[in-house]
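Here the structure is a predicted model, which means the values were calculated and not measured. Basis for what follows: all heavy atoms, side chains included, without hydrogens, waters or symmetry-related copies.
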2 protein chains.
Amino acid sequence: MRADARQNLDSLLEAAKTVFSESGVDAPVRAIAERAGVGVGTLYRHFPLRSDLISAVFRREIDACVDAAPDIEAAYPAGEALDRWIIRYTEFVATKRGLAAALHSGGTTYEPLAEYFSMRLTPTLRRLLDAALASGEIADDVDPAEFLGAVANLCHAGGPPGSVSEGRAERMVRLLLAGLRGGTELPV
Amino acid sequence: MRADARQNLDSLLEAAKTVFSESGVDAPVRAIAERAGVGVGTLYRHFPLRSDLISAVFRREIDACVDAAPDIEAAYPAGEALDRWIIRYTEFVATKRGLAAALHSGGTTYEPLAEYFSMRLTPTLRRLLDAALASGEIADDVDPAEFLGAVANLCHAGGPPGSVSEGRAERMVRLLLAGLRGGTELPV
DNA sequence: AAAGGTAGCGGAACAACGTTCCGGAAAAAG
DNA sequence: CTTTTTCCGGAACGTTGTTCCGCTACCTTT
């Protein structure tokens, strides 16, 4: 790999990270290329699809979230560890404006990113759930991939303009976690 | 209002309803105009913003959902009525591909639609919650607007491609409802 | 019934988007 | 230093939402 190509790739990742956090994942491709000081052709050479760039940028942050799990597991009992890691995951997702929307935009465009999300995060949650089930701290099991998707969906503003939104995501996620404790039967 | 204008407006609403259910709310404006047999200029005369058309199409369906509440309230005890109405709301939202994504797309574009959602649905849920709280069937209160937004967010596919998604939305919503029963304290 | 004024229509035109393409510049190899 | 290969830049294309204006045809008025 040529030296200038490597340099441009780094610039692009850095620029994309900045732009995404400023304007969300819907930011125009041209804006990213401009901030990186390269042409759009260069961007598309490294990332044939827009979603490839998004994937690359978020991969490292996903890894950081996964890596946080062992520390939490060691420091708290199983049930509380589960809660704390989910809250940690919440904080990661909450900062990515438009990410959840992109993930279920319908088409096959963002499948690779969703794939990676699940590939890394699912086993972590599976382990936390098993531990909490074994210790009897939660009553119901759930599919980890489903649960992660649900939490991610909850972590975005939504709702009417004037409504209280401070802490909304966290409140709803805590409600979901409380649901795992209950085991209450609901009507069909 | 002129007769042909009235006729075109009806055609547009009818066409939009069809196209939205076939291709989701992201369907191109031109496709709707073409199906209605009018030019895009006519469409924009009646609906200055794309979101205005979406609002108009969904208003009647929201109303239907609100109107279903009294029947459910009369037929079931408070707690079960709450569950059943939320499930009914779920079914409505689930069929609107891309609607939730549009609602929290960030900008002010879809605010009128979200406003109307909340304006109609919030009081209904407020009443159901109060009844269930009064009868002691649920332990925790929530902000109705928040809860509705959360449920709407849960009603979309998300997750990795291969994962189980059959009934996912319903399972997650039931978990959320179970959370209202619990009242379990969670860690900070 | 005819005629005029005007509400309203159609679709070309514009800006911004994602994506493609290729002439030429610059890095690596000899 | 020359050759070869890699890779860059940005013009160009197709599709989006939205605007604009000349002309149609509807309603009113006589």
Side-chain angles (χ1 to χ4, degrees), chain A residues 1-16 19-20 22-58 97-99 101-103 105-113, chain B residues 1-16 19-20 22-58 97-99 101-103 105-113:
Chain A
M1 188 171 193
R2 239 169 71 174
D4 57 343
R6 178 91 226 155
Q7 160 69 21
N8 280 330
L9 195 150
D10 288 344
S11 300
L12 278 169
L13 283 173
E14 182 65 25
V19 171
F20 284 158
E22 281 174 359
S23 318
V25 291
D26 291 334
V29 168
R30 282 171 176 79
I32 299 167
E34 190 182 3
R35 178 175 292 246
V38 303
V40 288
T42 303
L43 189 154
Y44 273 91
R45 167 166 311 278
H46 292 296
F47 306 100
L49 259 46
R50 181 196 160 73
S51 60
D52 294 333
L53 176 55
I54 296 178
S55 290
V57 169
F58 286 128
R97 211 178 343 157
L99 180 63
L103 279 178
S105 60
T108 62
T109 322
Y110 285 98
E111 276 186 10
L113 178 54
Chain B
M1 189 170 191
R2 240 169 68 176
D4 56 344
R6 181 87 225 160
Q7 159 71 21
N8 281 329
L9 196 149
D10 288 343
S11 301
L12 277 169
L13 283 173
E14 183 65 26
V19 171
F20 285 159
E22 280 174 1
S23 318
V25 291
D26 291 333
V29 170
R30 281 169 177 76
I32 299 167
E34 188 181 5
R35 178 174 295 245
V38 304
V40 289
T42 302
L43 189 154
Y44 274 90
R45 167 166 306 278
H46 291 295
F47 306 99
L49 260 46
R50 180 196 161 72
S51 60
D52 294 333
L53 176 55
I54 296 178
S55 290
V57 169
F58 286 125
R97 214 184 335 161
L99 180 64
L103 279 178
S105 61
T108 62
T109 322
Y110 285 97
E111 276 186 11
L113 178 54

Atom pair [atom1]/[atom2] of [X] and [Y] - distance to nearest 0.5 Å:
X	Y	atom1	atom2	result
B:H46	B:D10	NE2	CG	9.0 Å
A:M1	A:Q7	CE	CD	11.0 Å
A:I32	A:S23	CD1	OG	9.0 Å
A:L43	A:D52	CG	CG	10.0 Å

Between [atom2] of [N] and [atom1] of [X], the distance in whole Å:
X	N	atom1	atom2	result
B:D10	C:dC9	CG	P	12 Å
A:R6	C:dA28	CZ	P	14 Å
A:F47	D:dC8	CZ	P	11 Å
B:I32	D:dT16	CD1	P	11 Å
B:L43	D:dC20	CG	C1'	16 Å
B:E34	C:dA12	CD	P	13 Å
B:L49	D:dT16	CG	C1'	15 Å
A:Y44	C:dC22	OH	P	18 Å

Have a look at [X] and say if it touches a base, only the backbone sugar-phosphate, or nothing, with a 4.0 Å heavy-atom cut-off.
X	value
B:V38	sugar-phosphate
B:A27	sugar-phosphate
A:A31	nothing

Next on the checklist: In the structure I gave you, are the side-chain heavy atoms of B:F58 and B:V25 within less than 4.5 Å of one another anywhere?
Outcome noted: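 Side chain of B:F58 against side chain of B:V25, heavy atoms only: contact under 4.5 Å found.
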Next on the checklist: Is any side-chain heavy atom of A:Y44 closer than 4.5 Å to one of A:L49?
Outcome noted: no
Checklist outcome for this item: Assert: residue with more 5' nearest nucleotide on DNA chain D, out of B:R50 and A:A5, is A:A5
Checklist entry - For DNA chain D, whose closest nucleotide is more 5', that of A:R30 or that of A:G37? => result A:G37
Residue-phosphate contact under 4.0 Å: [X] side-chain N/O, [N] OP1/OP2:
X	N	answer
A:H46	D:dC8	yes
B:N8	C:dG8	no
B:T42	C:dG10	yes

Short heteroatom pairs, N/O only, protein and nucleotides 22-30 of chain D, under 3.5 Å:
| residue | atom | partner | partner atom | Å |
| --- | --- | --- | --- | --- |
| D:dC27 | OP1 | B:A3 | N | 3.2 |

Checklist entry - Starting at the 5' end of DNA chain C and moving along, which residue's nearest nucleotide shows up first, A:V29 or B:G41? => result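 Per heavy-atom nearest nucleotide, the more 5' residue is B:G41.
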Checklist entry - Is a side-chain N or O of B:N8 found less than 3.5 angstrom from the main chain of B:A5, in a donor-acceptor match? => result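 Such a contact is absent between B:N8 side chain and B:A5 backbone.
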Checklist entry - Does B:T42 use its side chain to pair, donor to acceptor, with the backbone of B:V38 at less than 3.5 Å? => result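 Absent.
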Next on the checklist: Taking the minimum atom-to-atom distance to the side chain of B:P28, which one of D:dT16, C:dT19, C:dC17 wins?
Outcome noted: D:dT16
